[in-house]
Amino acid sequence: MKRILISISLVLTLLLTACGRESTSPHNTEESKATNATEAITAPLKTESPGTEASATETEIETESEAEPLKTFKNPLLDRAAPDPCIVYHDGYYYGTFTEALGIALYRSTSLEKVFNDEKVIVFNLNEQIQGNIWAPELFYNPATDRWYIYACGSTQGWDFFSIRMFCLESKTNDPFGEYVFKGYTDPNLLAIDQTMFCDEVSGALYTAYSEFTDRGQVIMLAVMENPWTISDQRIRVSYPRYNWEKRGAREDKDSRVNEGPVFLEKNGKLCLLYSASGCWSQYYCLGLIEFNGNSYTVNEIMDKNNWSKHDSAVFSAANDVYGVGHCTFFTSPNGQETWIAYHGMPTSDAGEEGRYAYAQPITFDENGLPVLGKPLSRDSEISVPAGEVSD
């Protein structure tokens, strides 16, 4: 009997001991389960190396959740006509202007897409000096004077075409969005349009290019400036309408032999003049290029006609249902690493002068430093905003 009791007692003791071990195990309490679950989630980050699959997965999830969506826009930049657009990027803002005929307005925005839709100031209205036909205003900063200038043209006698003269406005301060004063006609006796500027900061020389009306059509002239508002007598012709692609779009009332809208483009020591050719009212309006091959930007080199060579074919023309592309300017992205072109184009081949809208897109350069403009991007194209532009 004693043996049986001892055996029963021994069995009970063994059972209680085993049960006690299970009940005290941390893996069987609710608190332990929660702790264990947390450890299971965090353990790979603590113990696995960054190269393990678990760590890479966590990193990918975190990166995807923090990545900002790519910001894009579509052309045109304004839902109404905006011919001859000029865009400049300066100190956090895009500044823009275009032909409005009755005056000159400046626009600005921190967003390229909204450059013609955010802030606006009127800097010039029709007056006794300029009475009509204000065309192609262009904004330019002169480091020598620390002032901004606007170059444009307009009729001095009502809306008479033959009284059109180029003129200059100067900012009162170094704020491009401030007030401007009329400085005068850059040449009071010259029938010409589309004045543009280039300053060589090394030599201090200030140059201009413009389109002059002659018996050979509109030609591109290059000159030295006496000061920011006066063209000197040092002038040379660097282009006239020579090729067929520079003479298209003729009308009974229009001479399509056109070289106009010149603009300087300098990049990494390579200087070019881009210009517009053929009738601006036609689908054939396009861009040509004149290359500078001199050794420096001194007056002797710049004013030597032999240092300028004209390319024999257009470098930018209609494509992707964008017609009549031309009258361009160039600007840099906010981070300074990209070059962009602003130009006008038509949505249809017969839109005419009233159907010219403002477009913008990035460009590149070839191994010789010459601009590669590519083709006009369609209105359906999603274009990434300029590099460094801060999202709203």
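For clarity, every value in this text was computed on a predicted model and none was experimentally measured.
There is a side-chain donor-acceptor pair under 3.5 Å between Tyr343 and Gln361. Using a 3.5 Å distance cut-off with no hydrogens or angles, the side chains of Ser296 and Glu301 do not pair a donor with an acceptor. Side-chain contact, Thr72 with Glu382: a donor N or O sits under 3.5 Å from an acceptor N or O. Side-chain atoms of Asp187 and Tyr185 include no donor-acceptor pair closer than 3.5 Å.
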Ring pair (Phe, Tyr, Trp, His ring centres under 6.0 Å), that's the test. Do Phe198 and Phe292 meet it? Break it down for me.
CA-CA 13 Å; Phe198 174 68; Phe292 177 66; 8.9 Å; no
Kindly determine whether Arg147 and Glu170 satisfy salt bridge (charged side-chain N to carboxylate O under 4.0 Å, His left out), including the steps that lead there.
CA-CA 7 Å; Arg147 289 293 181 269; Glu170 182 183 59; 5.6 Å; no
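Under a 4.0 Å N-O distance rule, the pair Glu246/Lys310 qualifies as a salt bridge.
The cationic group of Arg379 lies under 6.0 Å from the six-membered ring centre of Tyr357 and within 45° of the ring axis, placing it in a cation-pi geometry.
Between Trp159 and Leu126 there is a side-chain heavy-atom pair separated by less than 4.5 Å. The closest side-chain heavy-atom distance from Val181 to Lys172 is below 4.5 Å. When side chains are defined from C-beta on, Thr208 does not count as touching Tyr151, because their heavy atoms never get closer than 4.5 Å.
Between Phe182 and Phe167, the ring-plane angle classifies as tilted under the 30° and 60° cut-offs. Between Tyr141 and His90, the ring planes are parallel. Angles under 30° get that label, and only those over 60° would be called perpendicular. Ring geometry for Phe98 versus Tyr107: interplanar angle under 30°, hence parallel rather than tilted (30 to 60°).
Between Tyr297 and Phe264, a ring centre-to-centre spacing not shorter than 6.0 Å is recorded.
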